[in-house]
2 protein chains.
Amino acid sequence: MANIRDVAKESGVSVATVSRFINQKGYVSKEAKEVIGRAIKELDYKPNLVARSLSTKQTKLIGLIVPDIMNPFFPELARAVEDVALTYDYTVVLCNSDEKAEKEIHYIETLRQKYVAGFIVTTNQLQASHYQNLDIPVVALDRTIDASIPTVSSNNKEGARLGTAHLIEQGCQHIVCMRGPTGLGPADDRLDGFLEAVEGKEIVTHIIECPFHFEQSEEIARKFLSEHKGIDGVFASSDVSAAGVLKAAHSLGIIVPDELQIVGFDGIALGGMLSPGLTTVAQDIYKLGALVTRMLIKLIEEIELEEKEIQVPVKLIIRGTTRSEQ
Amino acid sequence: MANIRDVAKESGVSVATVSRFINQKGYVSKEAKEVIGRAIKELDYKPNLVARSLSTKQTKLIGLIVPDIMNPFFPELARAVEDVALTYDYTVVLCNSDEKAEKEIHYIETLRQKYVAGFIVTTNQLQASHYQNLDIPVVALDRTIDASIPTVSSNNKEGARLGTAHLIEQGCQHIVCMRGPTGLGPADDRLDGFLEAVEGKEIVTHIIECPFHFEQSEEIARKFLSEHKGIDGVFASSDVSAAGVLKAAHSLGIIVPDELQIVGFDGIALGGMLSPGLTTVAQDIYKLGALVTRMLIKLIEEIELEEKEIQVPVKLIIRGTTRSEQ
DNA sequence: TTGAAAGCGCTAACAA
DNA sequence: TTGTTAGCGCTTTCAA
C-alpha cells in the first residue's frame, strides 16, 4: 500500500503539501493539486487512518453502548446510528453492557485507549460518575444521565397518556398498568402519563411492576389475569410486555379485544406480527437514533448544539388489540 | 495520560524494557518487573493502542458485516460475536450492508485503512472477488463465499427434512413450501431438505418463493391460501415468513393448527411470542456466532484451524402451530 | 505557496 | 538482561 511519501515522490512535492491537499487545509497551488490528485489515483493511495489518529489524537469511531442488542428495541436504534455514522464517515463499535457498570467502564476504558471520538449511551445504569469527568463527548438516549449530557428521548408521559386515553375511549373500566422498573426514567414517566389519563375518571386501576421481558411479563400477566376477574384493559409499558400479556390472555382463553384490550409502548416490528396486531404507542426509534447520532457528531466536531434536550413525539398506532369504532 | 516514556522514567528503566514488560516478550528481570508494575499502577498507565497499531500494523478490531441488524436473526448473532470478541479483547464494528456490494466494499476499504484485524461476513452478496485477494482473515457465516474462506453453518438440509417430516407425521397431506430466495445457499439447502422429506410420500406439494420478510410473506401467503383450498401444512424457510403465514391464516379465519399447521425455520425469539407458539427448526444462532468468531480470532492469531467448515446441528422445537400427540 | 523536520506513543532490531 | 534508536505514516509548526 502506497503511503503519503510515495505520493509526494510521485508528484514531486513534499509530504506536507500532500497532507494539506488531502485535508484541504492551507494553501496548495492549482498545479500542485493536479499532480497530487493524479499521483493519488495512480498509486491508489488511501491515507492510513491509524497514523493520522496517532497524530491528531482523534478517530472516527463511535462507541454505542446498549444494554443488549437482543432486546428488540435496540436493533432499529443501532441501525439508525450506523446509517447516520456512515454518512459522516464514522464507524460504530457495538457494546453490550448488560446494564453492568463494570462492563460499561471496561468499554469506556478500552475504547479510550483507541482514541474513540465519543459515546452514545442507552443504558439505565445511572452511574453518571464515569461519564461526568470523561474528556470526550457523550450523548444519552432516553435517560438523563446528568444535566451536562445532551439527551434525546421520546415524549413518554404524553405517549402513556395517549395510550391510556385510547383504552378509556374504547370503553375500558378496569385497567391494569404494567409499569416498567421503578427508578428507570422512561418507565416512571410512562406511569405518570397513565395516572394522568385515569385521574378523575371512574376507572378501577391496578399498577404492577414488570420488567421489559417477554416470559416474565407473560407469567406476571397470566397470574394476575387469572386471579383478578373483570379486567378489561391493560396498558403495558413496553411492546414486549404487551406481547406477554397477549400470549397470557390467549392461553387463558380471554378474547382480545372483545374481553380484554391491550395497548403497548415502543412501536417495534413485533407488534405488527402478532395476532391480533398490537395497538401501541410508537416511538420513532429510527429518528431517536438518527438524532442522537447527529448530536454526538456535532459535539465531536465542535459545532454548536441548538438544543441539549430533544423530545421526539410519539404516535398511537391502532391495531387489533383494541376495539375500533368503524 | 501517562505514556510509556513516563513509566520508563518513573521506574528508572528504558522504554524498551517497559514495552517488553507490557507485552510479556523478551527478558525482564524480577526486579525490573516489580518497579515497572508499581510505576504503571501509580501513573495509571494504559498503553496507547493507536500507537501500538501503527507500529504493529494490527488492531483488535473485528468487522461484522450483516445485511441488516434489524432482521431478527442478526441481533442474537451479533451478541454472540461481541461476547466472544470481548473475551479475547477484541472490539466489534457493526456494518449493515443491505446486501449491496458497494456498501460491503466501502466497509472493507474504510476498515482496512484502520488496520482492522479481520471480517465476519454474513451477507448473501456472493461477490467473492473482493474477499479473495484480501490480505486479512475473513470467515463466513452460513454461506460459502469461496472454498478458501472458512465457514460455519447450520445443517440446513437436515433441518428442513426434520421440519417437513414433522408436518407429515402430524397428518399434513397438502403442504406448501415457502422457500427463500433462489440462489441463496441456505435457502436452496432447505428446499432440498423439504423435497427429500416429501419424496415418495403421498403428499401434494406446492413450492413458492418468498423473501425473508414479514409483510411480503404475509401477503404471498394470504393470496395463496385464499386461492388454494385444502392446504393443511406450510413449511416456511424462515420464522419471519412463518409469522407472516400465521398472520395471514388468522386474517382468513383459518384455524391453526386444526386446519393448517405451520413450521418455521431459525428459532428466533419471535416464535415463542406468537399465539399459538411457532413450531420451528431452531438454529443455535448464538453458537454459530460464537464459533465463527473464535474461528476468526484463531485465524488472526495464526493458530491452526482444525476444521475449515463447521456444521452446527439444528433442533426441532414443537410449539402450538403443529398438532401435538399428547 | 512550499518544504524540512519534529513529534504522536509504541515496537523491535541490534548492540551492549 | 537492558538500552539505543530507527521506524510505523501522518500532521503541523515554522521558516523560507
Side-chain angles (χ1 to χ4, degrees), chain A residues 1-37 39-40 43-61 89 109-117 135-136, chain B residues 1-37 39-40 43-61 89 109-117 135-136:
Chain A
M1 262 212 154
N3 63 26
I4 197 170
R5 232 170 310 126
D6 299 327
V7 176
K9 209 168 295 170
E10 176 76 17
S11 42
V13 299
S14 71
V15 293
T17 305
V18 178
S19 175
R20 269 182 238 116
F21 175 84
I22 55 186
N23 293 299
Q24 315 197 44
K25 253 183 197 169
Y27 293 107
V28 181
S29 65
K30 259 223 132 39
E31 303 82 61
K33 280 184 185 164
E34 290 226 326
V35 224
I36 297 172
I40 287 178
L43 300 172
D44 190 29
Y45 167 72
K46 303 263 190 307
N48 179 320
L49 267 16
V50 175
R52 176 178 290 171
S53 293
L54 181 58
S55 193
T56 60
K57 299 186 175 309
Q58 264 291 315
T59 59
K60 293 224 169 193
L61 275 190
D89 276 325
E109 298 223 316
T110 313
L111 291 180
R112 290 205 50 204
Q113 290 177 262
K114 302 195 180 183
Y115 285 152
V116 72
D135 48 356
I136 55 179
Chain B
M1 261 209 152
N3 64 27
I4 197 171
R5 231 169 312 126
D6 298 326
V7 176
K9 209 167 297 172
E10 175 77 16
S11 43
V13 299
S14 72
V15 294
T17 306
V18 178
S19 176
R20 270 182 236 115
F21 176 84
I22 55 185
N23 294 300
Q24 315 197 48
K25 252 183 198 168
Y27 294 107
V28 181
S29 64
K30 257 223 136 39
E31 304 83 57
K33 279 183 186 165
E34 290 225 326
V35 225
I36 297 172
I40 288 178
L43 299 173
D44 189 28
Y45 167 72
K46 304 261 189 311
N48 180 321
L49 266 18
V50 175
R52 175 179 291 170
S53 292
L54 180 58
S55 190
T56 60
K57 298 186 177 310
Q58 263 289 315
T59 59
K60 292 222 167 192
L61 276 188
D89 276 324
E109 297 224 317
T110 313
L111 291 179
R112 290 205 52 205
Q113 289 178 261
K114 302 195 180 185
Y115 285 152
V116 72
D135 47 358
I136 55 179

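Heavy atoms only: backbone and side chains are in, while hydrogens, waters and symmetry mates are out. Throughout, protein chains are lettered first and strands after them, A, B, ... in sequence-line order, and every chain is numbered starting at 1.
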Whole Å only: how far is the [atom1] atom of [X] from the [atom2] atom of [N]?
| X | N | atom1 | atom2 | answer |
| --- | --- | --- | --- | --- |
| A:Q24 | D:dT12 | CD | P | 14 Å |
| B:K33 | D:dT2 | NZ | C1' | 14 Å |
| B:E31 | D:dT1 | CD | P | 9 Å |
| A:Y27 | D:dT13 | OH | C1' | 16 Å |

**Study point:** NZ/B:K9: more than 12 non-hydrogen atoms of other groups inside 6.0 Å
**Key:** no
Review point. With the sugar-phosphate defined as primed atoms, P, OP1 and OP2, and the base as all remaining atoms, what B/S/- string results for nucleotides 9-16 of chain C, 5' to 3', for protein heavy atoms under 4.0 Å?
Key: BBBB----
Check your understanding: If you round to the nearest 0.5 Å, how far is OG of A:S11 from CD1 of A:I40?
Key -> 7.5 Å
Review point. Among all residues two or more places apart in sequence or in another chain, which pass the salt bridge (charged side-chain N to carboxylate O under 4.0 Å, His left out) test with B:K57?
Key: none
**Study point:** Pairwise side-chain contact, B:M1 with B:N48, heavy-atom cut-off 4.5 Å (strictly under)
**Key:** no
Check your understanding: Is the shortest heavy-atom distance from the side chain of B:I136 to the side chain of B:Y115 under 4.5 Å?
Key -> no
Taking only distance into account, with no hydrogens and no angle test, what donor-acceptor pairs under 3.5 Å do side-chain atoms of residues 22-34 of chain A form with protein atoms, sequence neighbours excluded?
from  : atom 1 : to    : atom 2 : distance (Å)
A:N23 : ND2    : A:S19 : O      : 2.9
A:N23 : ND2    : A:S19 : OG     : 3.4
A:S29 : OG     : A:A32 : N      : 3.1

Review point. Given D:dT2, is OP1 or OP2 found less than 4.0 Å from the side-chain N or O atoms of B:T17?
Key: no
